[in-house]
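By convention in this document, chain letters (A, B, ...) are assigned in the order of the sequence lines, proteins followed by strands, and residues within each chain are numbered from 1.
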Amino acid sequence: MIDIKVIRENPEKFKTASAAKHFNVDIDKLIEVDAELKVIKQKLQDISTDKNRIGKSIPKLAPDEKQAAMSQLAELKENELKYNDELKELQPQFDELMQQVPQPADDDVPLGKDDTENIEIRKEGQIREFDFEPKDHLQLGIDLGIIDIERGVKLAGSRNYFLKGDGALLHWAVLRFSIDLMVNKGYTPMSVPLLMKDEAMRGTGYYPGAEEQTYRMEKDQLNLVGTAEVPLTAYHMGEILDEAELPIKVVGLSSCFRREAGAAGKDTYGLYRIHQFDKVEQVVICENSDDESLKYHNEILANSEAVLQGLGLPYRVVNVCTGDLGRGQAKKFDIETWMPSRENYCETHSASKFYEFQARRMNLRYKDSKTKKNSFCHTLNNTVIASPRVLIPIMELYQNADGSITIPEVLRPYMNNKEVIKKQS
RNA sequence: GGAGAGGUGGCCGAGCGGCUUAAGGCAACGGUUUGCUAAACCGUCGUAGGGGAUAAACCCCUACCCCGGGUUCGAAUCCCGGCCUCUCCGCCA
């Protein structure tokens, strides 16, 4: 959410910013409603002042004076009722419009309409040349008996899967390796709840907007998370933190659930786009400073690169363009990892910077020692690893001519020091 | 799931229709005293919105005693609904 005062000062900025991000918000209407609301609230406040004054004097009044006071009060109440009705109509309008106003993108974010116009910043690692006909991850997985999509679909519907034997172990190894790496960098590991209240969904900016992408437990009014970003970022929702606690750096592992509504027929092959996966996520909550945000944005990007470098995977970093940014994101780096079967770099990580957008929505503040005031925190997050999507490049790039897969060295300690995944007898 | 108790400021805790501008204590901060520390004493000590003054400090108004409704001239206090916590019992990975 954006500070209404900032919008009042420069509505034009928010019009162009919204247009650039392809969010359709009626800023003019917002300004108009805001102005009306301000008048109504002022009137209501004046009425309260009068009511309080008269109410307090009543016990001290003579009976005849009391009569006059009462009739005066009745009149005030009538007015109050009228303005209250107007307030009840306008306030929800205002709230809804405010929820919609996007965070303007940073100046160094490229203008663009969608992910095709993201700008590559740099490439890292060598793309492997095969001297044999490589298999794709699914073929490898089926032949090795470590991926079973058929039965996943049989039991859970499309975009579901089982990982078996070394496939399951590889999946967990990747997650554990990533967690350990982050813990070594000083991030606090967190195990998190996966069912979130609407409040947390709104606070992180997923609602309104992502309802269609979310599995919902209607009976309990809870939502299955699509990412641990929600519980990790909203952890201190509504709190006032000590400045000394900042920055808060956490890493959490969660299963992630996504309906993938509107993606019918897209990426249906293999383990790329699935309804349920596991992800290690990093979140930073820091003080209200653009410099700090910038610093940690770079830090969380570097953390994820360290994971990919540890795994020996080639990737590139992309500056996500305005049209592909989420509502709350001021800037976003995607990391795309090379996937041989897709003959392309494909998104595996997403590092987002929000400034105070999320913190304002969830009322997450800290006591600022300089201003002595409560300030909204800044929040950032990035994928550390998402599996099984990352198993695609791992399996495909580490495959051998005989159909076996060499296990990346850093994962071996998590797999009983096994070096190669061979067909299981 | 059944029965009961309760949610008050950073924390503890009183208040149970107007004397509350939420007592008192603890913690914190500033000061006085002091060889240092400690103690004592004095003062400050919530959040948000609006208005005023200003270089700043500040002043005035409104709302907030878990949340939302209601009763009343007037609600922390009474009534209804919700959420949460605790205790006991039952069940259970």
Side-chain angles (χ1 to χ4, degrees), chain A residues 1-9 30-31 33-99 101 191-203 207 216-223 231 234-246 248 255 287-288 356-357 359-377:
Chain A
M1 193 140 61
I2 308 293
D3 188 348
I4 183 63
K5 287 182 198 154
V6 178
I7 303 176
R8 275 178 206 148
E9 276 165 26
L30 174 64
I31 296 288
V33 172
D34 174 52
E36 288 180 54
L37 218 44
K38 215 178 150 180
V39 172
I40 291 169
K41 281 182 176 168
Q42 186 61 51
K43 295 221 157 122
L44 279 168
Q45 187 179 313
D46 292 345
I47 290 171
S48 286
T49 308
D50 290 346
K51 269 177 63 187
N52 287 345
R53 186 174 42 78
I54 297 171
K56 249 177 211 166
S57 71
I58 283 199
K60 298 166 205 149
L61 294 179
D64 55 326
E65 289 173 321
K66 212 174 262 188
Q67 277 300 331
M70 291 293 220
S71 66
Q72 220 178 331
L73 272 170
E75 198 179 320
L76 283 170
K77 279 195 145 180
E78 213 170 288
N79 272 325
E80 186 179 37
L81 218 60
K82 189 183 83 193
Y83 288 120
N84 248 328
D85 284 346
E86 291 181 38
L87 182 75
K88 273 184 194 148
E89 180 172 338
L90 285 173
Q91 189 66 52
Q93 282 185 41
F94 177 78
D95 293 343
E96 208 198 310
L97 285 162
M98 281 299 282
Q99 294 265 310
V101 181
S191 174
V192 300
L194 304 182
L195 286 164
M196 289 281 112
K197 296 183 184 179
D198 292 344
E199 227 181 325
M201 302 300 285
R202 274 197 297 273
Y207 286 1
R216 182 173 170 80
M217 308 289 138
E218 199 47 59
K219 223 186 239 174
D220 301 287
Q221 308 214 314
L222 293 168
N223 309 280
Y235 183 68
H236 290 290
M237 179 165 74
E239 298 180 20
I240 299 172
L241 306 170
D242 280 340
E243 194 177 68
E245 291 178 71
L246 303 176
I248 291 170
S255 289
E287 62 185 87
N288 194 303
E356 58 177 49
F357 186 87
R360 194 173 268 282
R361 282 182 166 237
M362 65 177 95
N363 203 20
L364 168 59
R365 296 172 294 174
Y366 68 100
K367 186 70 85 179
D368 191 315
S369 62
K370 286 184 216 81
T371 62
K372 305 277 185 206
K373 292 236 160 199
N374 295 330
S375 299
F376 290 105
C377 300

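Comparing A:Thr49 and A:Lys41 against RNA chain B, the residue whose closest nucleotide sits nearer the 5' end is A:Lys41. If you find the closest nucleotide of RNA chain B to A:Lys373 and to A:Lys51, the one lying nearer the 5' end belongs to A:Lys373.
Comparing the P positions of B:U37 and B:C19 gives a spacing of 45 Å, expressed to the nearest Å. Here, B:C45 and B:G30 have their P atoms 15 Å apart, quoted to the whole Å. For B:G6 and B:A53, the C1' atoms lie 47 Å apart once the distance is rounded to whole Å. One P atom belongs to B:G90, the other to B:C11, and the distance between them is 35 Å to the nearest Å. Comparing the same atom, C1', in B:C16 and in B:C65 gives a spacing of 13 Å after rounding to whole Å. Annotation: B:A27 and B:A22 have their P atoms spaced 23 Å apart (nearest Å). Taking atom P in both B:C64 and B:G82, the straight-line distance is 23 Å, to the nearest Å. B:A75 and B:U62 are spaced 13 Å apart, taking the P atom of each and rounding to whole Å.
For A:Ser48, the side-chain atoms get nearest to B:U62 when compared with the rest of B:G50, B:U62, B:G46. Picking from B:G46, B:C61, B:G51 the nucleotide with the shortest atom distance to the side chain of A:Lys367 gives B:G46. Here the side chain of A:Asn52 is nearest to one of B:U47, B:A63, B:C73, namely B:A63.
Atom CG in A:Asp46 sits roughly 14 Å away from atom P in B:G50 (whole-Å rounding). B:A63 atom P lies 12 Å from atom CD1 of A:Ile47, rounded to whole Å. Across the protein-nucleic acid pair, A:Asp242 atom CG and B:G10 atom C1' stand 9 Å apart, rounded to whole Å. Residue A:Lys197 contributes atom NZ, which lies 9 Å from atom P of B:C83 at whole-angstrom precision. Atom pair A:Ile4:CD1 and B:G50:C1' shows a separation of 15 Å (rounding to whole Å applied). Computed from coordinates, the A:Ile240 CD1 to B:C64 C1' distance equals 13 Å when rounded to whole Å. Spacing between atom CE of A:Met237 and atom C1' of B:C67 amounts to 13 Å, rounded to whole angstrom units. A:Asp34 places its CG atom 12 Å from the C1' atom of B:G49, with the value rounded to the nearest Å.
Donor-acceptor pairing under 3.5 Å, judged by distance alone, is absent between the side chain of A:Gln42 and the base of B:G51.
Within the shown strands, nothing qualifies as a pairing partner of B:A39 under the Watson-Crick or G-U definition with both distances less than 3.5 Å. The partner of B:G46, taking Watson-Crick or G-U wobble pairs whose two distances both stay under 3.5 Å, is B:C64. Of the nucleotides present, B:G18 is the one that pairs with B:C73 by Watson-Crick or G-U wobble criteria, both distances under 3.5 Å. Nucleotide B:A5 forms a Watson-Crick or G-U wobble pair with B:U85, both donor-acceptor distances falling under 3.5 Å. Across all strands shown, B:C91 has no partner, as no Watson-Crick or G-U wobble contact with both distances under 3.5 Å is found. The pairing partner recorded for B:A55 is none, the criterion being a Watson-Crick or G-U wobble arrangement whose two distances lie under 3.5 angstrom. A 3.5 Å limit on both hydrogen-bonding distances identifies B:G10 as the Watson-Crick or G-U partner of B:C26.
For the residue pair A:Glu356 and A:Asn288, a side-chain donor N or O sits within less than 3.5 Å of a side-chain acceptor on the partner. With no hydrogens or angles considered, a side-chain donor-acceptor pair links A:Gln91 and A:Asp95 at under 3.5 Å.
Within the 4.0 angstrom heavy-atom criterion, only backbone atoms of the sugar-phosphate kind lie near A:Lys77; the bases stay farther away. Across all strands, A:Asn374 comes closer than 4.0 Å only to sugar-phosphate atoms, never to a base (heavy-atom distances).
A salt bridge does not link A:Lys43 with A:Asp46: none of the charged nitrogens is closer than 4.0 Å to a carboxylate oxygen.
With a 4.5 Å cut-off on side-chain heavy atoms, A:Leu364 and A:Phe376 do not count as touching. Counting only heavy atoms from C-beta outward, the side chains of A:Met196 and A:Leu222 never approach each other to under 4.5 Å. Put simply, the side chain of A:Ile4 reaches to within 4.5 Å of the side chain of A:Arg8, judged on heavy atoms. With a 4.5 Å cut-off on side-chain heavy atoms, A:Gln99 and A:Arg361 count as touching.
Between A:Lys38 and B:G51 there is a side-chain polar atom (N or O) within less than 4.0 angstrom of OP1 or OP2. For A:Arg365 and B:A48, the shortest distance from a side-chain N or O to OP1 or OP2 is below 4.0 Å.
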